There are 2 protein chains.
Amino acid sequence: MARPRKFDEERAVDAALEAFWTAGYEATSTQDLCEATGLGRSSVYNTFHSKRDLFRRALALYMRRRSEQLAALLEEDVPAREKVRALLDSVIAEETGAEDDGRGCLYVNTAVELASRDPEVAHELERDYARRHDALTAALEAGRRAGDIDRAKDASALAHFVTATVSGIRVAARAGAGEAALRAVARTALDAI
Amino acid sequence: MARPRKFDEERAVDAALEAFWTAGYEATSTQDLCEATGLGRSSVYNTFHSKRDLFRRALALYMRRRSEQLAALLEEDVPAREKVRALLDSVIAEETGAEDDGRGCLYVNTAVELASRDPEVAHELERDYARRHDALTAALEAGRRAGDIDRAKDASALAHFVTATVSGIRVAARAGAGEAALRAVARTALDAI
DNA sequence: GAGTTTTTGTATCGATCAGTTCAAAACGCG
DNA sequence: CGCGTTTTGAACTGATCGATACAAAAACTC
């Protein structure tokens with residue numbers, strides 16, 4: 001019917017994700033987004049309508065990828081406790097690795113920067129929280145039945161605890177706690193499971 | 001010698017703290033700061049030199065108050081475990097209370113929003129982290145000697161863990177976890193201590 | 001290849017950003 | 001009172017913010 005696009009929409013969202021992830025929502029300008037995606041202003045606004053809409057697309061992409069990662073980790077054929085250990089280890093590796101220069105986790109960043117003043121973003125964060133919680137709860141409940149998790153414990157409560165521990169490690173890493181401190185946190189948390 | 005100020009500097013810092021705490025650093029404009037403090041632009045810049053300097057003053061004030069609160073809590077004549085319980089309870093009360101409308105904790109907010117791109121702010125966060133860690137470690141070590149904390153555990157590791165749990169609860173609260181979930185996190189964390 | 005529709009580049013919008021300028025106003029001191 | 005010093009208010013700086021206008025360019029249909 002008409003002139004086709006010469007860029008891939010998903011790749012553009014991915015590039016925007018990188019920009020938002022690195023600098024945060026407010027600190028990323030529309031100019032930064034143009035440069036990151038390689039698109040002109042018209043293409044950005046024609047395709048994504050506003051900075052906020054593009055951010056929500058990027059956040060959704062981020063959440064989908066994280067969900068897939070978590071699902072893959074929980075599918076491993078190891079005891080539930082080892083799944084939690086692997087999860088905490090991966091978080092520590094991510095936060096202490098030099099690759100990403102302290103950009104942290106977009107989910108945590110967004111919860112802190114935007115959730116209190118954007119109800120729709122807050123709602124998406126809640127949905128993602130619930131999804132991750134359900135996946136973790138199922139894995140922990142399976143472990144409880146299998147016997148490697150204390151039967152006296154509640155799987156849902158443990159899942160909330162694991163999620164909070166992940167966030168706690170991420171914030172501690174940003175506040176300057178060293179890798180040894182983060183490992184101590186993970187070790188202590190595993191004692192509680 | 002000359003014309004005196006007709007405002008109280010500390011009160012102005014306090015008002016700026018409220019503004020930064022509520023909206024974050026980037027989202028608080030210098031105009032917002034003028035309105036919050038009741039000062040004119042000239043007075044703000046004459047006294048505090050820049051938005052960033054005023055923020056650092058506000059952050060220092062916030063940290064000093066939190067340190068005093070923590071010190072008061074740790075001075076109570078109760079077992080160390082009960083001190084930790086009281087600390088976690090106070091965090092949950094703060095995060096679920098309607099008073100402050102989800103502004104969270106300025107320390108966590110700053111760690112996430114600014115630490116990666118402002119080395120001096122990051123350094124002050126590290127100092128505060130170390131100070132809180134030392135206070136917590138001392139209290140836990142005393143509890144360990146008194147016997148209400150497992151002697152096999154390391155006080156410093158537990159202190160890192162408690163700090164991470166506090167941050168984890170705060171982030172979870174922002175991401176939409178309910179009060180019951182936060183209480184489950186606190187209960188599980190206490191099991192590990 | 002003409003006509004239609006969408007994309008794209010450029011130029012620009014008004015608003016707001018952090019920060020400065022400058023002179024008038026307000027005080028302490030002699 | 002009047003001099004010296006500082007604070008204060010208001011106007012204003014250039015830069016940048018998110019978003020838009022518009023016409024040229026590109027590609028599909030017929």
Side-chain angles (χ1 to χ4, degrees), chain A residues 1-60 106 109-110 113-114 116-121, chain B residues 1-60 109-110 113-114 117-121:
Chain A
M1 287 275 266
R3 177 178 178 177
R5 291 206 177 124
K6 76 177 175 203
F7 64 91
D8 180 64
E9 195 167 313
E10 177 107 354
R11 289 180 90 86
V13 174
D14 194 10
L17 166 57
E18 289 292 317
F20 282 127
W21 192 356
T22 300
Y25 179 78
E26 291 283 347
T28 302
S29 69
T30 54
Q31 184 60 33
D32 293 334
L33 293 169
C34 291
E35 288 163 13
T37 58
L39 306 183
R41 304 184 71 74
S42 296
S43 298
V44 170
Y45 277 92
N46 185 39
T47 310
F48 302 109
H49 310 108
S50 72
K51 174 182 172 180
R52 178 171 171 273
D53 282 10
L54 177 51
F55 177 78
R56 292 180 60 187
R57 285 281 300 268
L59 180 62
L106 184 63
N109 301 355
T110 303
E113 186 185 1
L114 286 184
S116 65
R117 55 195 166 97
D118 191 323
E120 295 192 297
V121 166
Chain B
M1 284 278 267
R3 178 176 177 178
R5 293 208 174 121
K6 74 179 176 204
F7 66 91
D8 181 66
E9 196 167 313
E10 178 107 353
R11 288 180 93 86
V13 174
D14 194 10
L17 166 58
E18 289 294 316
F20 282 127
W21 193 356
T22 301
Y25 178 79
E26 289 284 346
T28 302
S29 69
T30 53
Q31 184 59 33
D32 293 334
L33 293 169
C34 290
E35 286 163 15
T37 59
L39 306 183
R41 302 183 74 71
S42 296
S43 299
V44 170
Y45 277 92
N46 185 37
T47 310
F48 303 108
H49 310 108
S50 73
K51 175 182 173 181
R52 179 170 170 273
D53 282 9
L54 176 52
F55 176 79
R56 293 180 60 187
R57 285 281 300 267
L59 180 62
N109 300 355
T110 303
E113 187 186 359
L114 286 183
R117 54 195 166 95
D118 190 324
E120 294 191 299
V121 167

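These numbers come from a predicted model, not from an experiment. Order of the sequence lines fixes the chain letters, A, B, ..., with proteins taken first and strands second; residue numbering starts at 1 for each chain.
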Taken to the nearest whole Å, CD/A:E26 to C1'/D:dT16 is 14 Å
* Asked: Between the main-chain N or O of A:L33 and the side-chain N or O of A:K51, is there a donor-acceptor pair closer than 3.5 Å?
  -> no
Residues of residues 42-55 of chain B with a heavy atom under 4.0 Å from any atom of DNA chain D, listed by number, are B:S42, B:S43, B:N46
Ignoring hydrogens and geometry, is there a side-chain-to-backbone donor-acceptor pair from B:E113 to B:Y25 under 3.5 Å?
yes
Is there side-chain contact between A:L59 and A:F20, with at least one heavy-atom pair below 4.5 Å?
no
Taken to the nearest whole Å, NZ/A:K6 to C1'/D:dC28 is 17 Å
- [ ] Classify the nucleic acid contact of B:S29 as base, sugar-phosphate or nothing, counting any heavy atom under 4.0 Å across all strands shown.
- [x] sugar-phosphate
- State whether the number of non-hydrogen atoms from other residues, nucleotides or ligands found under 6.0 Å of B:R11 atom CZ is greater than 12. no
So, with a heavy-atom separation below 4.0 Å from DNA chain C, the residues of residues 33-41 of chain B are B:R41
When rounded to the nearest 0.5 Å, the distance separating CD of A:E9 from OG1 of A:T37 is 11.5 Å
Correct closest heavy-atom pair for A:R117 and B:A23 would be NE-O, 4.2 Å
**Report entry** Under 3.5 Å donor-acceptor, A:D32 side chain and A:S29 backbone
**Finding:** yes
Between CD of B:Q31 and C1' of D:dC12 the distance, given in whole Å, is 14 Å
One should read off an interatomic distance between B:F55 CZ and B:D118 CG, to the nearest 0.5 angstrom, of 8.5 Å
